[in-house]
Asker: 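Okay, here's the structure, questions in a sec.
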Amino acid sequence: MPAMNYLLFDASDDGEGTGTWDAMASVRAAQLPDVMTEVRAVLDWAETHAPGPRGPLDEGGAWDADEQVRADGEWTTVTLTVTGPWAWGEALLAHFAPAD
């Protein structure tokens, strides 16, 4: 998978080994399929390399993700939030990092 062109993640750590990675892209209709391809690639990787069951962490899940798509006129905003063990999330980002 090539590096992400639309989704750029910001990471935050809760200090207890759990991280949250947030990405947002605002695009016109022509770019929406490309953004959604990136979202699917991230979620596919997360499912394939899952550190345990998906679900809310406070309900026993090992990781979770939230995807939102909102249209506003000519623009559509896509947000993706992934939460899970810090090392796992960092491996996810490394997988999609541009090759040097």
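Worth knowing before you read on, the calculation uses all heavy atoms, side chains too, and leaves out hydrogens, waters and symmetry mates. In this chain, numbering begins with 1 at the start of the sequence shown.
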Asker: Quick check against the 3.5 Å criterion: does Gln68 have a side-chain atom that pairs as donor or acceptor with the backbone of Leu80?
Answerer: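 Pair absent, no side-chain N/O of Gln68 close to backbone of Leu80.
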Asker: Does this structure show an ion pair linking Glu67 with Arg40, if we count only N-O contacts that are shorter than 4.0 Å?
Answerer: yes
Asker: Tell me, yes or no, whether the heavy-atom count around Asp72 atom CG, taken from other residues, nucleotides or ligands under 6.0 Å, exceeds 12.
Answerer: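 Not buried by this count: 12 neighbours or fewer within 6.0 Å.
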Asker: Among residues at least two apart in sequence or on other chains, which ones pass side chain to side chain donor-acceptor pair (under 3.5 Å) with Glu59?
Answerer: none
Asker: Can you give me the closest heavy-atom contact between Gly52 and Ala62, atom names plus distance?
Answerer: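 So the minimum-distance heavy-atom pair works out to CA-CB, 3.6 Å.
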Asker: Does Trp75 belong to the same Ile/Leu/Val/Met/Phe/Trp/Tyr cluster as Met36, with side-chain heavy atoms less than 4.5 Å apart forming each link?
Answerer: no
Asker: Under 6.0 Å from the CZ atom of Arg28, do we count more than 12 heavy atoms belonging to anything else shown?
Answerer: yes
Asker: Verify, without hydrogens or angle tests, whether His49 (side chain) and Trp45 (backbone) share a donor-acceptor contact under 3.5 angstrom.
Answerer: yes
Asker: Check the surroundings of atom CE in Met24: do more than 12 heavy atoms from other residues, nucleotides or ligands lie under 6.0 Å from it?
Answerer: no
Asker: Contact between Thr83 and Leu57 at the side-chain level, heavy atoms closer than 4.5 Å - yes or no?
Answerer: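 SC-SC contact between Thr83 and Leu57 confirmed.
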Asker: Starting from the C-alpha separation in whole Å, work towards a yes-or-no answer on side-chain contact (heavy atoms from CB on, under 4.5 Å) for Glu47 and Trp63.
Answerer: CA-CA 9 Å; Glu47 288 282 349; Trp63 74 281; 3.6 Å; yes
Asker: Compare all side-chain heavy atoms of Leu32 with those of Val78 and state whether any distance is below 4.5 angstrom.
Answerer: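 Yes. Closest side-chain heavy atoms under 4.5 Å.
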Asker: So which of Asp22, Thr20, Asp66 actually passes side chain to side chain donor-acceptor pair (under 3.5 Å) with Thr81?
Answerer: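 Answer after filtering Asp22, Thr20, Asp66: Asp22.
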Asker: Any donor and acceptor pair, going by atom type alone, linking the side chain of Thr18 with main-chain N or O of Asp14 inside 3.5 Å?
Answerer: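 Between the backbone of Asp14 and the side chain of Thr18 there is no qualifying donor-acceptor contact (under 3.5 Å).
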Asker: A side-chain contact here means heavy atoms from C-beta on lying under 4.5 Å apart; do Glu90 and Leu93 qualify?
Answerer: yes
Asker: Heavy atoms, side chains only, cut-off 4.5 Å: are Val39 and Leu7 in contact?
Answerer: yes
Asker: Do Leu92 and Val42 come within less than 4.5 Å of each other through their side chains, counting heavy atoms only?
Answerer: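 Leu92 vs Val42: side chains touch.
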Asker: Testing the basics here: between Gly60 and Pro53, what is the closest heavy-atom pair and its distance to 0.1 Å?
Answerer: O-CG, 4.1 Å
Asker: Classify the ring geometry between Trp88 and Trp21 as parallel (under 30°), tilted (30 to 60°) or perpendicular (over 60°).
Answerer: perpendicular
Asker: Check for a donor-acceptor pair, side chain of Arg54 on one end and backbone N or O of Ala65 on the other, with a separation under 3.5 Å.
Answerer: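 Yes, because the side chain of Arg54 sits within donor-acceptor range (under 3.5 Å) of the backbone of Ala65.
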Asker: Could you tell me the separation between the CZ atom of Phe9 and the CE atom of Met4, rounded to the nearest 0.5 Å?
Answerer: 6.5 Å
